[in-house]
Structure formats: structure tokens, C-alpha cells
Peer 1: 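Right, I'll just put the structure down here and ask away after.
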Amino acid sequence: MLNDIKEVLIPREKIAEMCAELGKQMSKDYEGKNPLLVCILKGSVVAFSDIYREMTTHCQMDFMCASSYGVGTETSGVVRIVKDLDTDIEGRDVIIVEDIIDSGVTLSYLLKVLKSRNPNSLEICTLLSKPARRKVDVPIKYKGIDIPDEFVVGYGLDYAEKYRNLKDICILKPEVYQK
Ligand code: IMP
Ligand code: MG
């Protein structure tokens, strides 16, 4: 697995700093509010568990799984809810926690679905954003960092369901895609 990596884009120490900063900002903004943090499976699970533990106020967790990608690196444009929330979000303060926002297609669909359930508030937190690839504008309230237009893996992010267990956010060697 490690032989497939071209370079480390964001090392684990930097990721930890980003998660701490996101948790600090959200803890301040949601003091006394008991927000529901929504983890978008599967990619976000690693970032979610770190960001969630940086929260210093009461907060709850729930999970949702949407699928827009096949096994390649381009969005199919079609979003499907594979697993829905267990929690009733009417009147709740909800924060969607994403690993990465690329075209924005997945998230704009999820925003529409969750808004229709009448939460008190709905905000987006993402560890990574690729602004150069955006097709649909999504209002990001909490952002770790902008990254260039490169396909990244690790720290939850996959290529064909692999590399999620890498501790750093990495760029793959081009020959891995061409194989
Ligand atoms: P979007 O709908 O194009 O914004 O795609 C969002 C989803 O695509 C993310 O939650 C990821 O699962 C996946 N994705 C987008 N870019 C990357 C990447 O560089 N590496 C791995 N997965 C990615
Ligand atoms: Mg994915």
C-alpha cells in the first residue's frame, strides 16, 4: 500500500491541528446548544471521530451514507441515500461533517433533504475543500483547508475503497489509476 503513494499532502500533525481548530470554533459557536453532528459515511468517519472529540460542549452524533461516486475519481452526478439518520432533526441544530467537498453535488443534495426536515439550524463543516472543482455552490461555515485539484486518499478517503487507513492525506502515483 505505501508503495502506491507519490507524496504526503497533509501530514497527520497538521490534520490534528485542523481538527482541533474546527472543534474549537464549533464548541464556541454551539455552547449550550447540544448540536447534532452528522457524519457522512464512509469517508468522513475518521475525520468525524477526531473532530467530534475536539468538541468541549454537549453534542450528539448520527450517521448518514450517501453515494455519488462509482469506483473512479469523477462524480457520477447521481446521489443516493444509502443510510438515513436515526434522529429526528426537527428544531435541532445540525452540523454536517464532511471529509471533502469536491463538486459539491453530494452535499447540495443532502442539504436540500435535511432542510426539508425543518432543523433549527443547518451548517457545514468540512476538513478539505477543492474549490477549483466546484459545480454547485455550497455554504461552508467551518473549513479545515483548501486543497489543489488532486485526487487524495487516506485519513478516511478512498480510491476504490482502498487507502482509507492511511494516517496522512496523500497523493497517489498516477500509475495506480492507470492500472
Ligand atoms: P462531491 O459530490 O463531488 O462534492 O463529492 C464528494 C465526495 O466525493 C466525498 O465525500 C468523497 O467521498 C468523494 N471525493 C471527492 N474528492 C475526493 C478525493 O480527492 N479523494 C477521495 N474521495 C473524494
Ligand atoms: Mg468516497
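Start at 1 and go down the list; that is how both ligands and their atoms are numbered. As the structure is a prediction and not an experimental result, all values here were calculated from the model. We number each residue from 1, following the sequence as shown.
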Peer 1: Report yes if the side chains of D99 and V45 come closer than 4.5 Å at any heavy-atom pair, otherwise no.
Peer 2: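 In short, these two side chains do not touch, never coming nearer than 4.5 Å.
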
Peer 1: Is a salt bridge present between E31 and K28, judged by a nitrogen-to-oxygen distance below 4.0 Å?
Peer 2: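 K28 and E31: not salt-bridged.
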
Peer 1: Tell me whether K135 reaches ligand 1 (any heavy atom closer than 4.0 angstrom to a ligand atom).
Peer 2: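 No, K135 has no heavy atom closer than 4.0 Å to ligand 1.
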
Peer 1: What are the atoms of ligand 1, with element, lying closer than 4.0 Å to any heavy atom of E150?
Peer 2: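 Result: 19 (O).
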
Peer 1: Salt bridge check, D102 against K130: does any charged N sit closer than 4.0 Å to a carboxylate O?
Peer 2: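 Judged by the 4.0 Å cut-off on N to carboxylate O distance, K130 and D102 do form a salt bridge.
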
Peer 1: May I ask you to check if ligand 1 and V152 share an N or O to N or O distance below 3.5 Å?
Peer 2: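 N/O-N/O distance below 3.5 Å exists for this pair.
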
Peer 1: Ligand 1 versus L157, non-hydrogen atoms closer than 4.0 Å: side chain, backbone, both, neither?
Peer 2: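 Within the 4.0 Å criterion, L157 contacts ligand 1 through side-chain atoms alone.
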
Peer 1: What atoms in ligand 1 come closer than 4.0 Å to a heavy atom of D99?
Peer 2: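 It comes down to these atoms of ligand 1: 9 (C), 10 (O).
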
Peer 1: After noting the C-alpha distance and the side-chain angles of Y155 and K167, does the key distance pass the side-chain contact (heavy atoms from CB on, under 4.5 Å) rule?
Peer 2: CA-CA 5 Å; Y155 197 68; K167 287 191 176 177; over 6 Å; no

Peer 1: With heavy atoms of T106 as the reference, note each atom of ligand 1 found under 4.0 Å away.
Peer 2: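 Here the atoms of ligand 1 in question are 1 (P), 2 (O), 5 (O), 6 (C).
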
Peer 1: Check this for me: does any side-chain nitrogen of one of D84 and R117 sit under 4.0 Å from a carboxylate oxygen of the other?
Peer 2: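 A salt bridge links D84 with R117.
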
Peer 1: Mind checking whether F151 and Y177 have parallel, tilted or perpendicular rings, split at 30° and 60°?
Peer 2: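 If you compare the ring of F151 with that of Y177, the planes turn out perpendicular.
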
Peer 1: Between V153 and ligand 1, does any nitrogen or oxygen pair lie at a separation below 3.5 Å?
Peer 2: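 No - when backbone and side-chain N and O of V153 are compared with those of ligand 1, no distance drops under 3.5 Å.
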
Peer 1: Mind running side-chain hydrogen bond (donor to acceptor under 3.5 Å, both in side chains) on S121 and R92 for me, showing each step along the way?
Peer 2: CA-CA 7 Å; S121 66; R92 294 292 304 268; over 6 Å; no

Peer 1: Examine ligand 1 and decide if any of its atoms is less than 4.0 Å from a heavy atom belonging to S103.
Peer 2: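 The answer is yes, since S103 has a heavy atom less than 4.0 Å from ligand 1.
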
Peer 1: Which atoms of ligand 1 have any heavy atom of K130 under 4.0 Å away?
Peer 2: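 Listed by number with element, the hits are 16 (N), 17 (C), 18 (C), 19 (O).
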
